[in-house]
Amino acid sequence: MTSLLEELLSCCSASQKIQLPWLIINSLFAIATQILKYLLKFVTHTSSLTFFFLFIVNLLDSRTVMGDLGWIAYPKNGWEEIGEVDENYAPIHTYQVCKVMEQNQNNWLLTSWISNQGASRIFIELKFTLRDCNSLPGGLGTCKETFNMYYFESDDEDGRNIRENQYIKIDTIAADESFTELDLGDRVMKLNTEVRDVGPLTKKGFYLAFQDVGACIALVSVRVYYKKCPSVVRNLARFPDTITGADSSQLLEVSGVCVNHSVTDEAPKMHCSAEGEWLVPIGKCLCKAGYEEKNNTCQAPSPVSSVKKGKITKNSISLSWQEPDRPNGIILEYEIKYFEKDQETSYTIIKSKETMITADGLKPGSAYVFQIRARTAAGYGGFSRRFEFETSPVSVAASSDQSQIPIIVVSVTVGVILLAVVIGFLLSGRRCGYSKAKQDPEEEKMHFHNGHIKLPGVRTYIDPHTYEDPNQAVHEFAKEIEASCITIERVIGAGEFGEVCSGRLKLQGKREFPVAIKTLKVGYTEKQRRDFLGEASIMGQFDHPNIIHLEGVVTKSKPVMIVTEYMENGSLDTFLKKNDGQFTVIQLVGMLRGIASGMKYLSDMGYVHRDLAARNILINSNLVCKVSDFGLSRVLEDDPEAAYTTRGGKIPIRWTAPEAIAFRKFTSASDVWSYGIVMWEVMSYGERPYWEMTNQDVIKAVEEGYRLPSPMDCPAALYQLMLDCWQKDRNSRPKFDEIVSMLDKLIRNPSSLKTLVNASSRVSNLLVEHSPVGSGAYRSVGEWLEAIKMGRYTEIFMENGYSSMDAVAQVTLEDLRRLGVTLVGHQKKIMNSLQEMKVQLVNGMVPL
Ligand code: ACK
């Protein structure tokens, strides 16, 4: 079958079109045509995403659809698809209609549903040929030279049964001057390009429709796209990909986010125009102190500025230099580039961790050019300016006076002896290991001057604040490590005071082992240094398998560092989120047991943590959990979860007991509350406590007696323990030693973990009303015991501290035996009653 396209072209040969007066213009035009043809071909075979600027996103391009377009034509004898393929056998989806000789044409072509992908203004580019009615023999009466384009919005694809009158007209499309000549053998055809835009769109997608009313058209391609302002960094602020606004004249105001290591100077904003351009930048970010702006980031070291020559011989030049003014991180090494003057094409590179080198193998009496640059984890900084030094000429060495030789020999001998003495002295005190802080006997006394009396056998935590000189506290509790014993390998995170790195520590007589290294960024204030090292002064006092272990500190050289044991799996919250659902209940309880044990140790030492949360627990490759993050000031400046309270303190609301929020009553009992929240985080694999509720709502809900519901698949005994930790009365909360023994019991008897919180009573994402055990049913322990006919034990219960129903809730079978309840029947009665009350509590959840 001859294609309609060819039929359309039959009257349009190049010879017919060219008219003499236009000969010159046409020759020029022919050249332009070749270029346009090339472009058309290019557009056809290249993804428009890559060809057009990135701020255009295609929603549909009929030229790139390989299979059926799925468009519908009606009536059936109206628009028809030409089933042709290009030279690569890719289908060309061209639709054509040419009913120019027939009256009352109404031919519709409907596209399939097109998602607008969130855009509210879209553009439609049509490429088509339209035959001039004048060129049609005898069709002038009915022939049209336009067609209509419509759209219909819908949220899904079920909108095919749309009545004609439901479509909204976009425009009447006519051929215009914007065309490309299509060269089809000896015939040339005008390919028109028309673009229309539609908006605001309010639904998820739309259909397009093309209505022919009696023209001779070939619709060669339809491309639908939207525009966006692509993500950029301007004035050190990152602006996200932004879809342009619905209105063609609209400017969208977009806020930028400061790049790493920069802070807001004036809130950064830009405006995204309807054309996808960023306009009118306002405000900016500035690199933090110690960081330098480079290529729209703040992360590389500044160039080395001062280089000094050291010893120079006829074959070598020694150099030393100072660390860059702004290292902007830890300098991992220096790169020294040198070459003989005027011989730049042949140069040598040396890498050094020290700030000195000796370049040897040089030519005597020759000038050499040196340039040095530093590398941090952020990469290399710029090279220093060129420094030029000259090796000694041969003649100097050769002409040394022979008569001086005996003097030189004597001097050298004395020098060597002196050197040996000095080295011996240095080695005795400066091994690669801990240099002990001066163990002045007075120090012990000063320790006591600070008002801490150490009772034999009882270790208590000493607040470094009580030291007049915080440096003294550091050196009392933390060992000094030589920086040369540490190899920094990579940056693993950012701490409040600087980068956190992983690396290795090699102490004398020990095997090298992995460590974590917290660094203090350059440009720190004295207070920052104090606070930074304060953590080491605290950590250094602890020695427990569930407390992160301090290896030592580097304070005698820069950067100042705190070196701790390395925990392969990082922080617990991130680790759990990454491994959602991967552990057995026993493994999870094991983690909780470790944390409780660490906390028991801390509370025994008299240390209140105040920021116990899964993010502050580290976990190693053996799944051992260790408590970390011992800030000195404990104002929790470094905790992103900490929010200011009305009293001005900064508190991680979701993890903190109500009395600590309300009147700063931080005690081990408030740490127990936080521990309950950690239990909940662990059992829910790192879910955020209270989800997206605001801090204010959390405070209010907790105050009103609501509590977090049980995590999914959580053993009832564990949820009960959580609820116990969240008792309003802090004295009724279990102590850490009780928690440890309770968890130990559960681990020893795994079947006790089989009873899960009843799925039907488990409320997800809703808080549950919580009242202390039995408080609704019994007003006192006596009343309860009387009610179960066990009144005879009232006195014993009261005498042993079980004076409230909350305290009674903790009673175990062993406790009963200890209290002297030896009759098995009585034990059963009491335990069953307690169990019943707990079950009532768990099942009696009331959604908020
Ligand atoms: O979740 P993470 O990998 O674990 O990211 C943070 C980051 O440093 C900033 O605090 C990680 N981190 C801190 N201390 C240690 C450590 N001792 N061992 C391993 N990673 C650590 C923490």
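Both counts, for ligands and for their atoms, begin at 1 and track the order of listing. The figures that follow rest on heavy atoms only: side chains count, while hydrogens, waters and symmetry mates do not.
Annotation: Met567 places an N or O atom under 3.5 Å from an N or O atom of ligand 1; distance criterion only. For ligand 1, the polar-atom distance check against Glu568 finds no nitrogen or oxygen pair separated by under 3.5 Å. The shortest N or O to N or O distance between Thr564 and ligand 1 is under 3.5 Å.
Nearest protein heavy-atom neighbour of atom 1 (O) of ligand 1: Ser571 OG, 2.4 Å. Nearest protein heavy-atom neighbour of atom 17 (N) of ligand 1: Glu565 O, 2.9 Å. Atom 3 (O) of ligand 1 has Gly570 CA, 3.8 Å as its closest protein atom, hydrogens excluded (heavy atom only).
Heavy-atom proximity to Val500, at under 4.0 Å, picks out these atoms of ligand 1: 8 (O), 9 (C), 13 (C). Listed by atom number, the atoms of ligand 1 under 4.0 Å from Ala516 heavy atoms are 15 (C), 16 (C), 17 (N), 18 (N). Each of the atoms 18 (N), 19 (C) of ligand 1 lies under 4.0 Å from some heavy atom of Tyr566.
Neither the backbone nor the side chain of Lys518 comes within 4.0 Å of ligand 1, counting heavy atoms alone.
A heavy-atom distance below 4.5 Å is not found between the side chains of Ile462 and Glu476.
Not one N or O on the side chain of Asn616 forms a donor-acceptor pair closer than 3.5 Å with the backbone of Ser628.
Between Phe542 and Tyr607, the ring planes are perpendicular. Angles over 60° get that label, and only those under 30° would be called parallel.
In the candidate list Ile562, Leu550, Leu618, Ile617, Leu618 is nearest to atom 14 (N) of ligand 1, counting heavy atoms. In this comparison of Ile492, Ile517, Val515, the heavy atom closest to atom 21 (C) of ligand 1 sits on Ile492.
Arg238 and Asn260 are not linked by any side-chain donor-acceptor pair at a separation below 3.5 angstrom, with hydrogens and angles left out of the test. Remark: the Glu323 side chain and the Thr355 side chain contain no N/O donor-acceptor pair separated by less than 3.5 Å.
The pair Lys284-Asp265 counts as a salt bridge, with a side-chain nitrogen and a carboxylate oxygen less than 4.0 angstrom apart.
For Phe736 and Tyr675, the distance between ring centers is under 6.0 angstrom. No close placement of the His609 and Phe666 rings is indicated, their centers lying 6.0 Å or farther apart.
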